Asker: 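Can you keep this structure in mind? I'll have questions shortly.
In each ligand, atom 1 is the first atom listed, and ligand 1 is the first ligand listed. From a predicted model like this one, the values you see are computed outputs, not experimental measurements.
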Amino acid sequence: MQLGLESRVKDLCNHPLGRDIIEKLLLQLGKSNRWVDNPIVGNLRLKTLKRLTGKKVGPGFFDAVLGLLNIEPDSPKAEEITPEPAWWKEAVFYQVYPRSFTGQGLPGIIKKLDYLHKLGIDAIWLSPVYDSPNDDNGYDIRDYYGIMQEFGTMEDMETLIAALHDRGMKLVMDLVVNHTSDEHHWFKEALADESSPYRDFYFFQKGNSDKPPNNWTSFFGGLAWNYYPGNNIWALHLFSKKQMDLNWESAALREEIYKMVRWWLAKGVDGFRLDVINYISKFEGLPDGNEFIGELMKYTGVERYFYGPKLHEYLRELRKEAFEPYNAFSVGETPGIGLRAGRLLTDAYRKELDLIFNFDHLEVPGKTRFDDYKYDLYHLKNFYIKHLNADKGHGWHTLFFNNHDNPRMVSKIDPSGEYAKSLAKLLAVLQLTLRGTPFIYQGDEIGAENEPFTSIEQIVDVESRGIYEDYLVEGLSPEAAFKRILAGTRDHARAMMKWEEVARQQEECESVLVFYQRLIQWRKNTPSCVYGALEFVDEKNRDALRYKRIHEDGSIFVEANLCAKIIKSTAPTGATFLLGSYKNGVGDLQPYEARVYELSSKKRE
Ligand code: NOJ
């Protein structure tokens, strides 16, 4: 059904993408979803809503939203199915950020494979190691077929693949194809020569230096456009000034990308994590973004590319042309993609992506990464109840709390650090017993916390530095601007891995590291953890998260205390304590304690 201004709010809510967008906007505004479920609001026509809210949302808001909705005719499937088994549903992944894993590039990673193997890791996601001038730590690729000199050689890469496979482990590389470095030869030739075959690989627009082609802003501060005065031309970059967006409309570009992906797969790589892959299809003509949405999301223009008209088409083509011949695995990084659009991207019958990373659980409603606040675990509970209950066996979830783009979750929940180790163990229990594929980020397994940065000089990340500059331009003092950067800077997660701490924890039987090792080994022998049906218990309780994983080969019960006070355990009678984050696992639940029990019988309790 096509939606228009005569449609009602409830029609918008019934549209899969409409519901996602409303929920996202409400989340950013810090408002509850109950607002749109109110029948009076639901019956409002959009034209009335437009009249009522016109001043606040500004011109173009409704057109932008309706334009987005009317490109998506499909809805996620509703009937319950049993998910097909797959290696990547059973595997425990570990993300290696090569710059700070050992500081010794690929040879350093190879030396640590036994450590990862002992931890129980089945597959590694390796952040970019391609040749790059490193404006954004390798996410600005100069040559897809080369290795960054400081990380080693192609021979090292081949050794790494072989060494992983020898241990029965797999390798997932980062695939950054929304943009390349401005030092990639495609961009250099395209800029220098109007008739270059690479000219339409990028978004160029002729014009005057005082009039950028649209009002989009960059994720890393300032405009999303570079002006090249010698050529009187603008070029689009959603990220840093050296990360130029690729134009997927060009069939020749897409063919180059598929060729490159096949080349890596032929080398033995097992799959890819696809960087900001939902941004590859931009709305035709690159129309201005709505200022209200821009303010809310902190970036202007996002609604013009986060779910573009050809996204599904491109993903299907990529899968068919490059992934399928090698039976390769794919996980997409998809910022802004909500529950329903996420299901459309990952349901197996659609042949697009295997998994996606949804980020809505990383901040509570109304907060963004750069806000300094205390994270409430009740939000995490609600996120899982909503997302994991909704899939009906279609698609599969990723379970993660950290990556190279976010401050450490334990520090967000407890900035004082008092409960850091208990929290790290609690997150480990959830990550390894909820339904989905765990992605551990380097340092999670030792309970790594945020870094104690004290000045902007210690911050090296291009994003934080760009946003810091924006704050200064807005009139903030250097101290205030630094304070704003501190909560969200990606440098917290990019600090060098603390190997002395690893060695120490290895010897301590109650350490986070030993706990992770035990949990992962136990998960490998517990089918209910992977394929068991998930049943949440006590859904409304703010203080605890409780659920069962039910499987014919044995079922488990998990309970986690989400707060710093002592609460009663409600483990079912007959449940046997298996493992937990505190030594004994009896009596009341201690602050942030998490326990796993075996249920007495194999059938539903
Ligand atoms: C997402 C990556 O995870 C992040 O590190 C990078 O800066 C941007 N995409 C741009 O590639």
Side-chain angles (χ1 to χ4, degrees), residues 93-101 124-144 148 151 172-184 187 202-203 216-222 224 226 236-246 248 257 272-280 282 297-299 301-302 305-306 330-337 353 355-359 362-363 368-370 398 400-409 439 441-443 459-468 485 488-495:
F93 283 71
Y94 185 96
Q95 183 192 353
V96 170
Y97 194 66
R99 179 155 306 274
S100 55
F101 189 54
I124 284 177
W125 151 26
L126 182 61
S127 278
V129 292
Y130 309 90
D131 174 47
S132 158
N134 266 314
D135 194 47
D136 184 20
N137 277 359
Y139 282 91
D140 47 322
I141 297 174
R142 180 165 48 199
D143 176 5
Y144 289 106
M148 197 188 297
F151 288 163
V172 169
M173 281 182 89
D174 226 299
L175 183 65
V176 189
V177 286
N178 174 69
H179 44 264
T180 68
S181 162
D182 65 345
E183 295 185 29
H184 194 291
F187 187 79
Y202 296 89
F203 294 95
W216 296 3
T217 53
S218 152
F219 291 104
F220 292 172
N226 284 344
L236 178 71
H237 66 88
L238 293 181
F239 293 89
S240 92
K241 290 187 167 308
K242 287 177 68 62
Q243 289 169 297
M244 311 314 298
D245 276 63
L246 286 166
W248 276 64
I257 291 173
F272 288 94
R273 173 264 188 189
L274 290 77
D275 191 65
V276 289
I277 198 65
N278 55 317
Y279 294 177
I280 58 176
K282 275 95 177 161
M297 308 305 292
K298 305 277 188 248
Y299 311 102
V302 271
Y305 55 77
F306 91 99
S330 59
V331 51
E333 187 211 19
T334 54
I337 291 292
L353 297 167
L355 292 173
I356 58 161
F357 291 119
N358 176 311
F359 298 98
L362 293 187
E363 315 298 339
T368 64
R369 173 153 55 94
F370 286 98
T398 49
F400 70 100
F401 304 107
N402 291 300
N403 61 24
H404 63 295
D405 289 334
N406 285 279
R408 294 283 179 179
M409 189 66 156
F439 281 79
Y441 178 61
Q442 64 185 45
I459 305 295
V460 293
D461 176 33
V462 61
E463 178 200 50
S464 305
R465 290 216 150 237
I467 298 177
Y468 176 80
I485 289 303
T489 181
R490 308 190 295 184
D491 284 340
H492 287 302
R494 298 175 178 196

Asker: At less than 4.0 angstrom from any non-hydrogen atom of Arg273, what atoms of ligand 1 do you find?
Answerer: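 Reading through ligand 1 atom by atom, the close ones are 2 (C), 3 (O).
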
Asker: Which residue supplies the protein heavy atom nearest to atom 2 (C) of ligand 1, what is that atom called, and how far is it?
Answerer: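 Atom 2 (C) of ligand 1 sits closest to the protein heavy atom Asp275 OD1, 3.1 Å.
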
Asker: Where does Glu463 meet ligand 1, judged by heavy-atom distances below 4.0 Å: at the side chain, the backbone, both, or neither?
Answerer: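 Near ligand 1, Glu463 shows nothing, with every heavy atom at 4.0 Å or more.
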
Asker: Any luck finding a side-chain donor-acceptor pair between Ser127 and Tyr139 under 3.5 Å?
Answerer: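 Ser127 vs Tyr139: donor-acceptor pair found between side chains.
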
Asker: Quick test: of every protein heavy atom, which one is nearest to atom 6 (C) of ligand 1, and how far off is it to 0.1 Å?
Answerer: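 That would be Asp136 OD2, 3.3 Å.
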
Asker: Going by the atom numbers of ligand 1, which of them fall below 4.0 Å from some non-hydrogen atom of Gln243?
Answerer: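 Here the atoms of ligand 1 in question are 10 (C), 11 (O).
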
Asker: Nearest to atom 3 (O) of ligand 1, what protein heavy atom do you find, and at what distance?
Answerer: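 Its nearest protein heavy-atom neighbour is Asp405 OD2, 2.4 Å.
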
Asker: Is Phe220 touching ligand 1 with its side chain, its backbone, both, or neither, if touching means heavy atoms under 4.0 Å apart?
Answerer: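 Answer for Phe220: side chain.
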
Asker: Determine whether a donor-acceptor pair (N or O, by modelled atom type, separation under 3.5 Å) exists between the side chain of Asn278 and the backbone of Phe306.
Answerer: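 Yes, because the side chain of Asn278 sits within donor-acceptor range (under 3.5 Å) of the backbone of Phe306.
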
Asker: Verify whether one side chain among Tyr97 and Asn137 offers a donor that lies under 3.5 Å from an acceptor in the other.
Answerer: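 Yes, Asn137 and Tyr97 have a side-chain donor paired with an acceptor closer than 3.5 Å.
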
Asker: Does the side chain of Asp135 pick up a donor-acceptor pair with the side chain of Ser240 at under 3.5 Å?
Answerer: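 Side chains of Asp135 and Ser240: pair found under 3.5 Å.
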
Asker: Would you mind running through ligand 1 and noting each atom that sits below 4.0 Å from a heavy atom of Arg490?
Answerer: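 Close to Arg490: 4 (C), 5 (O), 6 (C), 7 (O).
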
Asker: Hydrogens and angles aside, do Asn178 and Asp245 bring a side-chain donor and acceptor to less than 3.5 Å of each other?
Answerer: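 Side-chain D/A pair, Asn178 to Asp245: present.
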
Asker: Atoms of ligand 1 less than 4.0 Å from Arg494 heavy atoms?
Answerer: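 The atoms of ligand 1 under 4.0 Å from a heavy atom of Arg494 are 5 (O).
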
Asker: Which of the numbered atoms in ligand 1 are below 4.0 angstrom from a heavy atom of His179?
Answerer: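 Contacts of ligand 1 toward His179, numbered from 1: 10 (C), 11 (O).
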
Asker: Assess the side chains of Thr489 and Glu463: does a donor N or O sit below 3.5 Å from an acceptor N or O?
Answerer: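 No, because no side-chain N or O of Thr489 sits under 3.5 Å from a partner of the opposite role on Glu463.
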
Asker: Classify the side-chain pair Asp136/Gln243 by whether it contains a donor and acceptor separated by less than 3.5 Å.
Answerer: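 Short answer, yes.
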
Asker: Between Asp143 and His184, do the side chains contain a donor N or O and an acceptor N or O under 3.5 Å apart?
Answerer: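 No donor-acceptor contact under 3.5 Å links the two side chains.
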
Asker: Which ligand 1 atoms are under 4.0 Å away from a heavy-atom of Glu333?
Answerer: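 Going through ligand 1 atom by atom, the ones under 4.0 Å from Glu333 are 1 (C), 3 (O), 9 (N).
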
